*Asks:* 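Can you read through this structure? Questions will come right after.
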Number of protein chains: 2
Amino acid sequence: MIDEAAPKPRRLRNIAELAKLAGVSAGTVSRALAGKGLVRAETRERIQALAREHGFRPNQMASGLRTGQTGVIGIAIPLGHEQGQHISDPFFMSLLGNLADTLVDRGYDIILRKCLPNQDPDWLDRLTVSGMVDGVLLIGQSDQFETIERVAASYLPLVVWGTYRQNQTHCAVGTDSFAGGQLAANHLLSSGKQRIVFLGDTRGLEIERRLAGARAALEAAQAPHWMEHYAVPLSADQMAEAIGSALEVMDPRTDAIFAASDLIAMTAIRLLHERNRSVPGDIAVIGFDDLPVAEQTTPQLTTIKQDVANGARAMASCLMRRMRGETVPSQTMPARLILRGSA
Amino acid sequence: MIDEAAPKPRRLRNIAELAKLAGVSAGTVSRALAGKGLVRAETRERIQALAREHGFRPNQMASGLRTGQTGVIGIAIPLGHEQGQHISDPFFMSLLGNLADTLVDRGYDIILRKCLPNQDPDWLDRLTVSGMVDGVLLIGQSDQFETIERVAASYLPLVVWGTYRQNQTHCAVGTDSFAGGQLAANHLLSSGKQRIVFLGDTRGLEIERRLAGARAALEAAQAPHWMEHYAVPLSADQMAEAIGSALEVMDPRTDAIFAASDLIAMTAIRLLHERNRSVPGDIAVIGFDDLPVAEQTTPQLTTIKQDVANGARAMASCLMRRMRGETVPSQTMPARLILRGSA
DNA sequence: ATGAAAGCGCTAACAA
DNA sequence: TTGTTAGCGCTTTCAT
């Protein structure tokens with residue numbers, strides 16, 4: 001049998017080949033595929049049908065190069081002081097998932113990058129000037145405030161999840177950590193707790209604000225009370241150990257723990273159980289984040305909720321506007337107390 | 001003051017501008033920046049210093065277009081039958097984190113994409129022929145086995161996390177789900193449990209194999225026993241409801257639950273507690289995945305461990321070899337029983 | 001409505 | 001060792 005009938009659907013390599021097949025010029029194909037109205041409807045549909053049939057899609061690299069737009073947003077997770085090599089923080093993961101959703105809805109692709117500022121001081125520039133992205137989202141400030149400020153001074157389409165400081169250059173979207181800390185401490189105080197231990201690594205700006213908020217609440221309250229503070233790493237394996245030793249070292253009269261994250265809170269609850277200390281009877285535990293798993297613990301976790309869904313949308317919308325050249329101010333999302341069983 | 005002293009560090013837009021600044025040609029700059037040995041050491045270092053000083057980096061789009069290599073790997077999460085719009089499954093997230101680590105180590109960037117096959121049958125081709133990626137990793141097969149097979153037939157650099165079926169074309173790396181199911185069921189049987197309920201959506205290939213393995217184990221055992229099966233969605237909000245109603249409907253003599261994931265297991269344990277059924281006394285619960293949180297529940301979760309770290313490394317290494325043109329076979333990672341308190 | 005041609009920024013073959 | 005040049009695949013004036 002002669003292969004005259006076979007349409008020979010060899011993979012089309014570029015617009016020119018499709019153009020030859022359609023008997024038109026490359027320019028026309030480009031216009032047709034872009035769906036612009038500058039092509040006769042009949043021609044456009046014929047070309048689109050042909051493209052579909054051959055599974056052809058214009059090369060995004062070439063089009064990006066030509067137009068100066070890539071259709072890609074870079075999302076970077078800076079791991080400065082954090083010990084672990086892994087992107088493990090479930091809150092960050094949840095934020096990432098929400099960002100992915102909202103960016104996809106807006107037609108953007110995502111380049112995901114884990115950055116290690118200690119090994120590469122240029123981590124942020126590397127992304128912004130790579131030519132691969134139209135804008136950059138940072139999940140967390142880590143301990144890189146200065147670097148972010150420097151880059152933001154000359155690179156507009158950059159939005160960061162984290163804390164806003166007076167007069168900072170870069171656009172930050174984040175939960176009101178200070179208010180969240182106040183909320184947590186006030187709740188503990190109003191349950192009659194007075195001796196609070198804070199568990200978290202305050203080298204992270206947000207964590208530091210949570211502690212500051214709690215301290216402020218204690219000072220505002222007219223009662224005998226105090227607060228201790230122990231640093232706890234974010235990486236899963238070292239966390240339990242650090243919390244365990246904090247539990248050993250801390251004042252035995254401690255009657256409440258304010259954990260900088262739900263993960264820390266959950267681990268603390270487990271370790272307290274192992275030591276036969278009841279929660280919240282002996283020691284109340286309050287977390288931060290309100291991860292989905294906060295409902296799954298026993299007792300269920302009382303915590304300060306960060307609204308990731310709205311946070312992600314806010315970040316995306318700020319970024320879009322900055323990509324258009326607008327200078328958008330930072331934005332703070334409210335923190336909310338979620339009352340469950342642990343405090 | 002005249003600005004003669006100011007080095008006027010205007011942003012360099014391309015290699016040509018840097019070349020002019022260095023008094024060499026664009027070609028030389030390109031070679032110098034690539035670190036190749038075809039440039040006099042002194043010249044190379046001078047150029048590199050200049051680039052560093054001005055924060056210049058070659059445009060990756062242009063270089064990608066020219067070389068046909070992008071240095072980017074696409075990671076796609078297909079959500080076919082899954083209801084939720086969100087990339088929420090913590091096991092997938094954990095795999096993603098590990099993949100990110102190992103790919104970064106190999107010098108690759110990652111394009112992350114959430115795919116909705118029901119809304120876009122071309123979801124996979126869109127990524128493979130975009131020209132944006134050197135290879136593609138799929139996190140899960142969802143219900144897209146046929147589509148993956150079709151694409152894999154003509155696109156070599158594709159590796160999928162999931163199940164291997166006899167004679168399949170595409171390269172799959174995954175835990176031995178069948179063996180994992182056997183392991184789980186045999187453990188329950190050996191603890192004297194006989195009436196097992198399986199909780200999970202068997203439209204996912206891996207889930208289906210876990211159930212099949214458990215069934216096989218039951219049949220192999222010479223004992224009176226049976227197994228029921230209830231579908232449970234992956235999305236967090238609907239999961240609890242589905243499990244709750246399963247708990248209502250199921251045979252009251254049920255003495256064990258085999259959950260298709262740790263998340264399902266944790267939710268089941270919580271709901272059982274709420275109904276005053278003790279775990280594992282009244283009902284044993286065994287999970288699947290061994291997420292970090294499996295240690296945090298009360299009681300701690302007995303589960304079947306999937307080795308994500310090695311799984312991610314295996315996927316990456318298979319992909320690299322396929323990108324070099326080798327045809328690499330599928331790979332199955334062993335499942336392991338992790339004994340804790342819940343079963 | 002369509003074609004021709006220039007050029008986005010880079011790399012690599014070829015020349016010198 | 002370095003410079004020159006062609007061209008990766010696309011979009012977009014400018015002509016027609």
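Throughout, a chain's letter reflects where its sequence line sits, starting with A, and its residues are numbered from 1. All heavy atoms count here, side chains included; hydrogens, waters and symmetry mates do not. The structure presented is a predicted model; accordingly, all values stated were derived computationally and were not measured.
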*Asks:* Whether the side chain of Glu17(A) engages the backbone of Arg13(A) through a donor-acceptor N/O pair (distance < 3.5 Å, no angle test) should be reported.
*Replies:*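 Checking the backbone N and O of Arg13(A) against the side chain of Glu17(A), a donor-acceptor pair under 3.5 Å is found.
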*Asks:* Can you tell whether the side chains of Asp122(B) and Arg52(A) come within less than 4.0 Å, N to carboxylate O?
*Replies:*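 Salt bridge absent between Asp122(B) and Arg52(A).
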*Asks:* Among all residues two or more places apart in sequence or in another chain, which pass the side-chain contact (heavy atoms from CB on, under 4.5 Å) test with Thr28(A)?
*Replies:*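 Scan of Thr28(A) (side-chain contact (heavy atoms from CB on, under 4.5 Å), adjacent residues dropped) gives Val24(A), Ser25(A), Arg31(A), Val39(A), Thr43(A), Ile47(A).
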*Asks:* Quick one: pull up SG in Cys171(B) and CG in Leu158(B) and give me the separation to the nearest 0.5 Å.
*Replies:*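 The distance works out to 8.0 Å.
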*Asks:* Could you list all the salt bridge (charged side-chain N to carboxylate O under 4.0 Å, His left out) pairs where at least one residue sits in residues 136-152 of chain A, not counting sequence neighbours?
*Replies:*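 Non-adjacent pairs meeting salt bridge (charged side-chain N to carboxylate O under 4.0 Å, His left out): Asp125(A)-Arg150(A).
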*Asks:* When rounded to the nearest 0.5 angstrom, what distance separates CZ in Arg57(B) from CG in Leu18(B)?
*Replies:*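 Answer for the CZ-CG pair, Arg57(B) versus Leu18(B), is 12.5 Å.
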*Asks:* With respect to the phosphate group of dT1(D), does any side-chain polar atom (N or O) of Thr43(B) fall under 4.0 Å of OP1 or OP2?
*Replies:*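 For dT1(D), neither OP1 nor OP2 has a side-chain N or O of Thr43(B) closer than 4.0 Å.
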*Asks:* Using a 4.0 Å heavy-atom cut-off to protein, can you give one letter per nucleotide of nucleotides 6-16 of chain D, 5' to 3': B if the base is in contact, S if only the sugar-phosphate is, - if neither?
*Replies:* BBBBBBBB---
*Asks:* Output every pair passing ring pair (Phe, Tyr, Trp, His ring centres under 6.0 Å) with a member in residues 119-154 of chain A, not counting sequence neighbours, ordered by first then second residue.
*Replies:*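 Listed once each, the pairs are Phe145(A)-His170(A).
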*Asks:* If I take atom OH from residue Tyr155(B) and atom CG from residue Leu127(B), how far apart are they, to the nearest 0.5 angstrom?
*Replies:*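 Taking OH in Tyr155(B) and CG in Leu127(B), the distance rounds to 7.0 Å.
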*Asks:* Find the bend of the helix from dA1(C)-dT16(D) to dA16(C)-dT1(D) as the angle between its two terminal axes (five pairs each), to the nearest 10°.
*Replies:*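 Axis angle across the helix from dA1(C)-dT16(D) to dA16(C)-dT1(D), nearest 10°: 40°.
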*Asks:* Arg322(A) side chain to Val159(A) main-chain N or O, any donor-acceptor pair under 3.5 Å?
*Replies:*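 Not a single qualifying donor-acceptor pair exists.
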*Asks:* Just the endpoints, please: which first and last nucleotides of DNA chain C, 5' to 3', lie under 4.0 Å from a heavy atom of chain A?
*Replies:*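 Under 4.0 Å from chain A, the extent on DNA chain C is dA1(C) to dG9(C).
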*Asks:* Scan Arg113(A), Arg126(A), Lys114(A) and name whichever one has a salt bridge (charged side-chain N to carboxylate O under 4.0 Å, His left out) with Asp109(B).
*Replies:*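 Of the listed residues Arg113(A), Arg126(A), Lys114(A), the salt bridge (charged side-chain N to carboxylate O under 4.0 Å, His left out) partner of Asp109(B) is Arg113(A).
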